[in-house]
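The next block holds one structure in the form of structure tokens; read it before the comments.
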Amino acid sequence: MGNVTYSDFAKLDLRVGTIESVEIVEGADKLYKLKVNMGKENRTLVAGLRPHYEQADLHGKQIVIIANLEPRRMKGIESKGMLLAAQDNSAVAILRPEKRMENGSKVY
């Protein structure tokens, strides 16, 4: 992978949000439909977290999302952002703020 410029990185709008509800997406083995409180707005995200997290474990978690990612439809649901997570050979871990932050807070 090549380097990106700072101006490329600065185009990303990374924000903190809180997952308020989690639903299983019918017809998909890996997908959850997440309702995320972004402070001034609520967002729907579709994320392939079912193999890694139980629904109850996601509710109330703060996450970091790319808020200005072009919306994408998955299984008929428009996803308006992407949460950030790390993956190694054995697990997936959602990236979260170290302490509780106001919903909508900018991530630098």
Side-chain angles (χ1 to χ4, degrees):
M1 235 188 226
N3 291 334
V4 297
T5 65
Y6 179 79
S7 62
D8 287 337
F9 172 76
K11 292 176 186 176
L12 296 176
D13 184 13
L14 302 174
R15 300 283 173 161
V16 174
T18 301
I19 299 172
E20 293 192 332
S21 70
V22 182
E23 300 174 23
I24 292 173
V25 175
E26 297 224 7
D29 295 336
K30 298 180 181 181
L31 300 178
Y32 282 131
K33 177 182 172 183
L34 309 174
K35 294 287 186 181
V36 180
N37 181 334
M38 299 294 297
K40 294 182 180 177
E41 66 175 307
N42 291 316
R43 294 276 184 105
T44 298
L45 276 65
V46 178
L49 295 173
R50 279 180 62 192
H52 310 286
Y53 286 90
E54 297 293 326
Q55 281 178 272
D57 294 336
L58 292 171
H59 191 270
K61 280 195 186 306
Q62 284 203 307
I63 59 174
V64 175
I65 76 163
I66 304 173
N68 62 338
L69 189 65
E70 185 174 302
R72 180 176 174 199
R73 290 192 90 67
M74 290 183 269
K75 293 290 186 181
I77 303 165
E78 187 174 49
S79 184
K80 294 185 176 183
M82 178 184 288
L83 65 82
L84 299 181
Q87 181 176 10
D88 66 13
N89 294 328
S90 62
V92 169
I94 294 171
L95 299 183
R96 302 173 41 189
E98 178 183 2
K99 61 182 179 180
R100 197 93 182 148
M101 299 297 295
E102 186 175 316
N103 289 328
S105 294
K106 183 142 178 73
V107 177
Y108 296 95

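Given the structure is predicted, the values throughout are model-derived calculations rather than measurements.
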Among pairs that include at least one residue of [range], which meet salt bridge (Lys or Arg N to Asp or Glu O under 4.0 Å), considering only residues two or more places apart or in two chains?
range          : value
residues 69-92 : E78-K80
residues 2-11  : D8-K11
residues 18-38 : none

Within the supplied structure, the quantity of interest is the number of heavy atoms (other residues, nucleotides, ligands) at a distance under 6.0 Å from M74 CE; does it exceed 12?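 Yes - once you tally the heavy atoms of other residues, nucleotides and ligands closer than 6.0 Å, there are more than 12.
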
Could you state whether [X] and [Y] fall into the same hydrophobic cluster, counting links through intermediate Ile, Leu, Val, Met, Phe, Trp or Tyr residues with side-chain heavy atoms under 4.5 angstrom apart?
X   : Y   : result
M82 : I65 : no
Y53 : L95 : no
V64 : L83 : no
L45 : V25 : no
I63 : V22 : yes

Using the salt bridge (Lys or Arg N to Asp or Glu O under 4.0 Å) criterion, which residues pair with D13? Sequence neighbours excluded.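 With neighbours one apart ignored, the set is R15, K106.
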
Holding to salt bridge (Lys or Arg N to Asp or Glu O under 4.0 Å), I want the full list of residues that pass it with K40, two or more places apart in sequence or in another chain.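 Per chain and number, K40 pairs via salt bridge (Lys or Arg N to Asp or Glu O under 4.0 Å) with no residue.
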
I want to check something: taking the side chain as every heavy atom from C-beta on, are L49 and I94 in contact at a cut-off of under 4.5 Å?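 In contact.
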
Validation row: N42, V36 side chains within 4.5 angstrom (heavy atoms): no

My understanding is that only residues two or more places apart in sequence, or in another chain, count here; which of them pass side chain to side chain contact (heavy atoms under 4.5 Å, CB included) with [X]?
X   : answer
I24 : Y32, R50, Q55
S7  : T5
I66 : L12, L14, N68, L69, L84

Residues in side chain to side chain donor-acceptor pair (under 3.5 Å) contact with T18, at least two apart in sequence or another chain: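 Residues passing side chain to side chain donor-acceptor pair (under 3.5 Å) with T18: Q62, N103.
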
Check for a donor-acceptor pair, side chain of S79 on one end and backbone N or O of V46 on the other, with a separation under 3.5 Å. yes

Considering non-hydrogen atoms only, spot the tightest contact between Q87 and V92 and give its length. CG-CG2, 3.9 Å

Pairwise distance CG(L34) to NE2(H59) - rounded to 0.5 angstrom: 10.5 Å

